[in-house]
Peer 1: 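Right, I'll just put the structure down here and ask away after.
Any value given below was found using the heavy atoms of this structure, including those in side chains, with hydrogens, waters and symmetry copies removed. Every chain is numbered from 1 and lettered A, B, ... according to where its sequence line falls, protein lines coming before strand lines.
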Protein chains: 2
Amino acid sequence: MSRTSPAEPAPARGEVARRRSGRPGHDADSVLRVAARVFNERGYDGTSMEDLARALGVTKSAIYHHVSGKTELLRRSLDLALDALFAVTREEASTTGPAIDRLENVLHGSVRVLVEQLPHVTLLLRVRGNTEVEKHALTRRREFDHLVADLVREGIAAGEIRDDVDPAVASRLLFGMVNSIVEWYKPDRGLDADELADSLSRIAFRGLRADGSA
Amino acid sequence: MSRTSPAEPAPARGEVARRRSGRPGHDADSVLRVAARVFNERGYDGTSMEDLARALGVTKSAIYHHVSGKTELLRRSLDLALDALFAVTREEASTTGPAIDRLENVLHGSVRVLVEQLPHVTLLLRVRGNTEVEKHALTRRREFDHLVADLVREGIAAGEIRDDVDPAVASRLLFGMVNSIVEWYKPDRGLDADELADSLSRIAFRGLRADGSA
DNA sequence: GGTTACCTACCGACCGTTCGTTAGGCGATC
DNA sequence: GATCGCCTAACGAACGGTCGGTAGGTAACC
């Protein structure tokens with residue numbers, strides 16, 4: 001395949017120092033990390049194993065030493081994202097207190113997860129359900145969405161949230177806003193997850209208009 | 001290819017009665033309409049010409065009688081969506097009056113376009129820039145986004161929009177909310193474009209919280 | 001009311017290429 | 001020398017696209 005500009009030649013970068021025995025190079029995790037990035041750049045279906053190999057700085061066949069195939073890379077990435085999102089819904093602040101505060105915590109936590117696991121969540125939000133792996137991820141994602149819709153409904157019932165919008169529509173627009181973050185957020189630009197989540201909360205709960213300030 | 005459950009067998013449906021001479025069947029427009037739908041269901045890259053042919057109830061080669069190839073179908077769909085969106089920005093209500101009102105008109109009009117041209121706009125929002133056609137569409141879309149960001153900036157400068165959020169972030173979140181509509185909106189369910197646009201405006205400008213009512 | 005001309009819609013077979021995946025062996029590091 | 005990472009070479013299947021030929025339909029002419 002002719003060694004050409006590896007793009008991500010050696011791993012041994014980021015996170016832990018990772019000391020393994022044997023020949024240095026990629027491992028399953030570093031392959032997954034790069035794969036998720038490339039899947040997002042070109043789309044999952046639009047990414048060939050050859051594309052992936054080029055980004056890793058190895059040949060196609062080397063990838064199969066680390067993972068069983070393209071599908072496994074997708075599944076592991078999607079599971080990672082979903083696990084992190086569901087963890088937010090199990091936090092104490094997401095299960096106790098007024099509905100609107102629980103909703104805000106889920107919102108805030110989702111933004112945090114989205115930023116921390118950006119490539120994986122991005123991939124999750126683009127899944128179309130073509131294969132079994134994708135269908136399974138969509139099912140889990142739908143569960144999450146229902147959880148949020150229920151919070152909005154509770155908030156309306158408690159008089160905390162305006163009742164002149166449909167709860168299903170409101171929750172969808174709300175999370176549309178959150179999810180759209182993956183389309184433009186760049187980690188290295190001085191905008192951290194908490195600032196972003198705060199801006200989002202302000203707009204979502206109090207609106208853009210200047211007079212309704214706080 | 002053995003005639004199996006055409007899914008969209010004869011056209012001659014919807015819109016105008018369409019009287020053409022010659023053999024009845026599909027034409028370039030009906031092919032485009034079906035293609036856009038299938039592209040959204042399976043993703044552009046995930047859709048083979050064979051998939052398309054099956055959905056049309058014809059063989060692969062018949063498609064090439066109507067269009068030059070898969071790429072042309074994509075280009076025509078994306079252009080359709082972009083043309084409609086830019087038309088909104090040229091409306092009088094988008095160019096005169098207070099910035100916040102112009103912004104609301106663009107918002108409202110975008111929701112309308114999004115609903116009227118759902119499959120084409122959906123496709124546009126999922127483009128990743130893999131090919132030249134996609135890159136060109138992304139460029140045009142970026143122009144549109146800048147236009148909106150400028151409106152938000154103007155609104156802040158005029159004191160009409162809260163100044164405690166970054167204008168770039170605000171406009172992105174705003175249109176993230178709008179664009180997310182393509183992920184769940186179903187035309188045949190009693191929610192029309194204007195109702196939806198109104199709900200969105202309420203949330204966007206006055207917020208979800210009950211007290212800031214209007 | 002046949003015949004002819006012409007258009008459009010379509011089929012089946014096939015092309016070259018790229019896809020995801022596999023087999024078996026070599027070299028680096030501890 | 002055990003472990004691990006990666007290579008070359010190749011596979012069958014699926015891809016987008018091409019080709020020559022065929023069938024359905026309208027309309028003008030006799």
Peer 1: Return no unless some side-chain N or O of B/Tyr64 is found under 4.0 Å from OP1 or OP2 of D/dT18.
Peer 2: no
Peer 1: Using atom CG of A/Asp45 as one end and atom C1' of D/dA14 as the other, report the distance to the nearest whole Å.
Peer 2: 13 Å
Peer 1: So does B/His26 get a side-chain nitrogen or oxygen closer than 4.0 Å to the phosphate oxygens (OP1/OP2) of C/dA9?
Peer 2: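 Result: no.
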Peer 1: Can you tell me if B/His65 touches the phosphate of C/dC11, counting only side-chain N or O atoms and a distance under 4.0 Å to OP1 or OP2?
Peer 2: no
Peer 1: Whether the side chain of A/Ser61 and the base of D/dT8 hold a donor-acceptor pair under 3.5 Å is what I'd like checked.
Peer 2: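 For A/Ser61, whose side chain was compared with the base of D/dT8, there is a donor-acceptor pair (under 3.5 Å).
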Peer 1: Rounded to the nearest angstrom, tell me the gap between atom NZ in B/Lys70 and atom P in D/dG16.
Peer 2: 4 Å
Peer 1: Could you check how far CZ of B/Arg42 sits from P of D/dC15, rounded to whole Å?
Peer 2: 9 Å
Peer 1: Rounded to the nearest Å, what distance is computed from the CG atom of residue A/Leu56 to the C1' atom of nucleotide D/dC6?
Peer 2: 12 Å
Peer 1: Give a yes or no on whether a salt bridge exists between B/Glu183 and A/Arg142, defined as a side-chain N under 4.0 angstrom from a carboxylate O.
Peer 2: no
Peer 1: Could you go step by step and tell me if A/Arg172 and B/Ile181 meet the side chain to side chain contact (heavy atoms under 4.5 Å, CB included) rule?
Peer 2: CA-CA 8 Å; A/Arg172 278 169 162 155; B/Ile181 292 173; over 6 Å; no
Peer 1: Please report the distance, rounded to the nearest Å, between CG in B/Asp51 and C1' in D/dC15.
Peer 2: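 Spelled out: CG on B/Asp51 to C1' on D/dC15 is 11 Å.
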Peer 1: Nearest-Å distance, CD (B/Glu50) to C1' (C/dC19)?
Peer 2: 16 Å
Peer 1: Please confirm whether the shortest side-chain N or O distance from B/His66 to OP1 or OP2 of C/dT8 is below 4.0 Å.
Peer 2: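 For C/dT8, OP1/OP2 do not have a side-chain N/O of B/His66 under 4.0 Å.
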Peer 1: How many Å lie between CG on A/Leu52 and C1' on C/dC19, as a whole number?
Peer 2: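 About 13 Å, once rounded to whole Å.
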Peer 1: Salt-bridged, A/Arg42 to B/Glu134, with N to O below 4.0 Å?
Peer 2: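 Judged by the 4.0 Å cut-off on N to carboxylate O distance, A/Arg42 and B/Glu134 do not form a salt bridge.
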Peer 1: Taking only side-chain N and O atoms of A/Ser48, does any of them lie within less than 4.0 angstrom of OP1 or OP2 on C/dT18?
Peer 2: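 Indeed not, no polar side-chain atom of A/Ser48 lies that close.
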Peer 1: If I take atom NZ in residue B/Lys60 and atom P in nucleotide C/dC15, what distance separates them, rounded to the nearest angstrom?
Peer 2: 13 Å
Peer 1: Any chance the side chains of A/Ser48 and A/Asp51 put a donor and an acceptor closer than 3.5 Å?
Peer 2: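 A donor-acceptor contact under 3.5 Å links the two side chains.
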Peer 1: Could you tell me whether the side chain of A/Ser201 and the main chain of A/Ala197 form a donor-acceptor pair under 3.5 Å?
Peer 2: yes
